[in-house]
Amino acid sequence: MTLPAPIQTYFTAEAPQDGARFAAAFAPDAIVHDEARDHCGPAEIAAWWTAAKAKYRHCAEPLEVIEAGGKTVVRARVSGDFPGSPAVLTFTFGLSGDRITDLRVGG
């Protein structure tokens with residue numbers, strides 16, 4: 001399975017050492033929707049990601065990628081320190097060029 005470069009970065013970056021590389025995958029006005037909250041801009045998104053990695057110590061293994069409605073949808077097995085681990089979650093990415101413009105994380 002081939003993922004676009006910014007999505008590959010999303011799934012392969014390691015916290016906290018890859019924080020700058022992770023943030024650079026997002027457009028300046030990007031937004032992430034996760035756990036009923038919005039995180040706006042690369043700095044806030046990187047802070048959300050770093051905090052989530054510290055709290056849940058999770059990793060995600062992409063299982064399937066499809067294009068739907070102008071978005072790239074990735075189903076991934078996520079495992080870590082949270083109830084119900086591992087779980088298959090859907091990551092819906094909006095892309096513009098080589099940057100992620102929006103991401104919705106859901107069950």
Here the pair of heavy atoms bringing Pro42 nearest to Pro28 is CD-O, 3.5 Å
Distance col, row Ile45:CD1 vs Asp34:CG, nearest 0.5 angstrom, shows 11.0 Å
Taken to the nearest 0.5 Å, the spacing of Asp102 CG from Cys40 SG works out to 11.0 Å
Within the side chain of Gln8, is there an N or O that forms a donor-acceptor pair under 3.5 Å with the backbone of Pro4?
no
Residue Arg104 excluded, over 12 heavy atoms near CZ under 6.0 Å: no
Here the pair of heavy atoms bringing Gly19 nearest to Ala46 is O-CB, 4.4 Å
Handout entry: Gly94 backbone acceptor or donor facing Thr101 side chain under 3.5 Å
Key = yes
CG of Leu103 to CG of Asp38, rounded to nearest 0.5 Å, is 11.0 Å
Review point. Under 4.5 Å between any side-chain heavy atoms of Glu64 and Val88, yes or no?
Key: no
query = Is Arg21 reaching over with its side chain to a backbone N or O of Thr9, donor-acceptor style, under 3.5 angstrom?
reply = no
Going hydrophobic residue to hydrophobic residue with side-chain gaps under 4.5 angstrom, can you get from Phe91 over to Val65?
yes
Is the shortest side-chain heavy-atom distance between Ser79 and Glu61 below 4.5 Å?
no
Which label fits Trp49 and Phe22: parallel for a plane angle under 30°, tilted from 30 to 60°, or perpendicular past 60°? parallel
Walk me through whether Lys55 and Lys53 qualify under side-chain contact (heavy atoms from CB on, under 4.5 Å). CA-CA 6 Å; Lys55 180 177 180 180; Lys53 287 286 192 176; over 6 Å; no
**Report entry** Stepwise side-chain contact (heavy atoms from CB on, under 4.5 Å) check, Val73 with Thr90
**Finding:** CA-CA 7 Å; Val73 181; Thr90 301; 3.4 Å; yes
inquiry  = Does Ile7 form a side-chain contact (heavy atoms from CB on, under 4.5 Å) with Leu95? I'd like the steps, not just the answer.
reply    = CA-CA 9 Å; Ile7 296 175; Leu95 298 173; 3.9 Å; yes
Next item on the list: Kindly assign one of parallel, tilted or perpendicular to the pair Phe93 and Phe11, based on the angle between their ring planes and the thresholds 30° and 60°.
Entry: perpendicular
When every non-hydrogen atom of Pro62 is compared with those of Val74, the smallest separation belongs to CB-CG1, 3.9 Å
Set out, in order, the CA-CA distance, both residues' side-chain angles and the distance that settles side-chain contact (heavy atoms from CB on, under 4.5 Å) for Thr72 and Glu67, then state yes or no. CA-CA 5 Å; Thr72 302; Glu67 298 295 324; 3.0 Å; yes
So CZ of Arg77 and CG of Leu63: to nearest 0.5 Å the spacing works out to 5.0 Å
query = Given side chains that start at C-beta, do those of Pro86 and Val78 come closer than 4.5 Å, heavy atoms only?
reply = no
Rounding to 0.5 Å, atoms CH2 (Trp48) and CD (Glu35) come to a distance of 8.5 Å
Distance col, row Ile100:CD1 vs Ile31:CD1, nearest 0.5 angstrom, shows 13.5 Å
